Amino acid sequence: MKFRYAMVCSSNQNRSMESHSLLKKQGFDVSSYGTGAHVKLPGPSLREPNVYEFGTPYKQMFDDLRRKDPELYKRNGILPMLKRNLSVKLAPQRWQDNALDGSFDIVFAFEEKVFDMVLEDLHNREQVLMKSVLVINLEVKDNHEEAAIGARLTLDLCQELEKVESWEESIDEVVAAFEKQHRRKLLYSISFY
């Protein structure tokens, strides 16, 4: 694989991790992040989310929720999701704190708000390398079923991007073909490191 990818959602739990897991299994050089202030997972009610700091190990969250209410968190898919996550990496990471991870060629966001935050963060960084980065938004609802569909679509688009000589010269055609085939609109922008 010639490109380095980043998958980004709000809490680095569901959408970004589903795609990270699938792309990693397919041999891609991939990392994942969240853009939120904290990691939020559903709780017993909408007003009672489980809130963790970025960097809290997935295993610690898993153990915490299993202790609180194993039936609820198994039924709503949170425990299986955390189990998947801890097989991919140690803990959720925050996009805005990832400068030491180096540069990426292509960044996927899974909601427009996250896409905007990634672009804003890249814009606010000092552009020393003058290396281009493609930022794509593929809108994906934050539930387990849609995350799985979004991951397969992301894999498909990554495979198409890997086939081209230079994404800078081919992005319009690749996006148009993807949108036509999958009937999904993509937003994309170019930024720099």
Side-chain angles (χ1 to χ4, degrees), residues 1-36 40 77 81 84-85 88-89 92-96 98 101-125 127 129-193:
M1 305 297 168
K2 59 185 169 192
F3 296 128
R4 193 158 181 250
Y5 296 88
M7 305 292 130
V8 189
C9 66
S10 187
S11 289
N12 196 199
Q13 289 286 350
N14 187 27
R15 297 165 292 180
S16 62
M17 287 300 290
E18 184 73 35
S19 291
H20 185 163
S21 177
L22 182 60
L23 268 69
K24 183 179 175 184
K25 287 177 188 161
Q26 297 293 321
F28 285 83
D29 181 358
V30 60
S31 299
S32 61
Y33 304 92
T35 57
K40 290 184 183 174
M81 178 187 76
R84 177 212 52 219
N85 293 355
V88 175
K89 66 182 197 175
Q93 296 167 273
R94 192 162 183 260
W95 169 263
Q96 294 89 330
N98 81 351
D101 293 349
S103 63
F104 294 94
D105 299 295
I106 301 170
V107 178
F108 278 86
F110 298 102
E111 69 179 281
E112 196 169 341
K113 178 180 79 174
V114 171
F115 174 77
D116 292 340
M117 290 174 85
V118 167
L119 287 172
E120 180 183 347
D121 179 69
L122 287 168
H123 178 75
N124 290 333
R125 293 183 188 192
Q127 280 92 29
L129 301 175
M130 291 316 291
K131 177 184 177 300
S132 60
V133 54
L134 173 63
V135 184
I136 298 172
N137 185 63
L138 171 63
E139 201 67 31
V140 176
K141 283 191 181 121
D142 195 4
N143 64 51
H144 302 298
E145 298 76 25
E146 287 294 319
I149 293 167
R152 287 192 299 276
L153 292 171
T154 301
L155 173 62
D156 185 50
L157 187 51
C158 291
Q159 289 169 331
E160 291 305 310
L161 288 164
E162 287 288 331
K163 292 177 187 173
V164 300
E165 193 62 42
S166 156
W167 67 254
E168 288 97 334
E169 294 171 18
S170 310
I171 188 60
D172 293 333
E173 293 81 16
V174 171
V175 165
F178 177 90
E179 289 178 339
K180 184 178 180 185
Q181 180 183 353
H182 297 289
R183 292 189 207 92
R184 299 279 287 254
K185 290 297 280 176
L186 297 175
L187 287 177
Y188 64 97
S189 185
I190 297 169
S191 191
F192 294 90
Y193 277 103

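All heavy atoms count here, side chains included; hydrogens, waters and symmetry mates do not. Residues: numbered from 1 along the sequence shown. Since we're looking at a predicted model, the values are computed, not measured.
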Restricting to non-hydrogen atoms, name the atom on Arg4 and the atom on Gly102 that form the minimum distance, rounded to 0.1 Å.
NH1-C, 3.7 Å
Under 3.5 Å donor-acceptor, Arg125 side chain and Tyr193 backbone
no
Thinking salt bridges, do Asp105 and Lys131 make one under a 4.0 Å N-O criterion?
yes
Roughly how far apart are Ser170 OG and Leu161 CG, rounded to 0.5 Å?
9.0 Å
Closest non-hydrogen atom pair, Asn12 against Ser32:
ND2-OG, 3.0 Å
Value rounded to 0.5 Å, distance of CZ in Phe3 from SG in Cys158
10.0 Å
Heavy-atom count around Glu165 CD within 6.0 Å, excluding the residue itself: above 12?
no
According to the interplanar angle, ranging from 0 to 90°, do the rings of Trp95 and Phe104 count as parallel (below 30°), tilted (30 to 60°) or perpendicular (above 60°)?
tilted
Side chain to side chain contact (heavy atoms under 4.5 Å, CB included) test vs Leu22 passes for just one of Val30, Thr154, Leu155, namely Leu155
Residues pairing under side chain to side chain donor-acceptor pair (under 3.5 Å) where one sits in residues 108-120, two or more places apart or in two chains, turn out to be Arg15-Glu111
So, for Ser191 and Leu119, which heavy atoms are closest and what is the spacing to 0.1 Å?
CB-CD2, 4.3 Å
Just how far is it from atom OG of Ser19 to atom CZ of Arg152, taken to the nearest 0.5 Å?
10.5 Å
Would you say the side-chain atoms of Ser11 pair up with the backbone N or O of Lys40, donor to acceptor, closer than 3.5 Å?
yes
Looking at Leu153 and His182, what are the two nearest heavy atoms and their distance?
CD2-ND1, 3.2 Å
Side chains of Asp156 and Gln181: closer than 4.5 Å at any heavy-atom pair?
yes
Do Trp167 and Ile190 make a side-chain contact, defined as non-hydrogen atoms from C-beta onward lying under 4.5 Å apart?
yes
Is Ser21 reaching over with its side chain to a backbone N or O of Met17, donor-acceptor style, under 3.5 angstrom?
no
Over all heavy atoms of both residues, which pair between Ser132 and Glu168 is shortest? Give the atoms and the distance, please.
OG-OE2, 2.7 Å
Can you find a pair of side-chain heavy atoms, one from Ile149 and one from Val140, that are under 4.5 Å apart?
no
Enter the distance from Ile136:CD1 to Ile106:CD1 here, rounded to the nearest 0.5 Å.
6.0 Å
Who are the side chain to side chain contact (heavy atoms under 4.5 Å, CB included) partners of Met81, not counting sequence neighbours?
Gln13, Asn14, Leu41, Ile78, Arg84, Asn85, His144
Taking every heavy atom of Gly150 against every heavy atom of Leu138, the minimum-distance pair comes out as O-CD2, 3.7 Å
Could you grab the distance from atom CE of Met7 to atom CG of Leu23, nearest 0.5 Å is fine?
5.0 Å
Mind checking whether Leu157 and Leu186 have side chains closer than 4.5 Å, heavy atoms only?
yes
A side-chain contact here means heavy atoms from C-beta on lying under 4.5 Å apart; do Gln93 and Asn98 qualify?
no
Do Gln127 side-chain atoms and Leu122 backbone N/O form a donor-acceptor pair below 3.5 Å?
yes
Under 4.5 Å between any side-chain heavy atoms of Ser103 and Leu129, yes or no?
yes
Stepwise salt bridge (charged side-chain N to carboxylate O under 4.0 Å, His left out) test for Lys2 and Glu162
CA-CA 7 Å; Lys2 59 185 169 192; Glu162 287 288 331; 5.6 Å; no
CG (Asp101) and OH (Tyr33) are apart, to the nearest 0.5 Å, by 3.5 Å
Keeping to residues at least two apart or across chains, list the ring-ring contact (aromatic ring centres under 6.0 Å, His included) pairs with something in residues 5-24.
Tyr5-Phe28
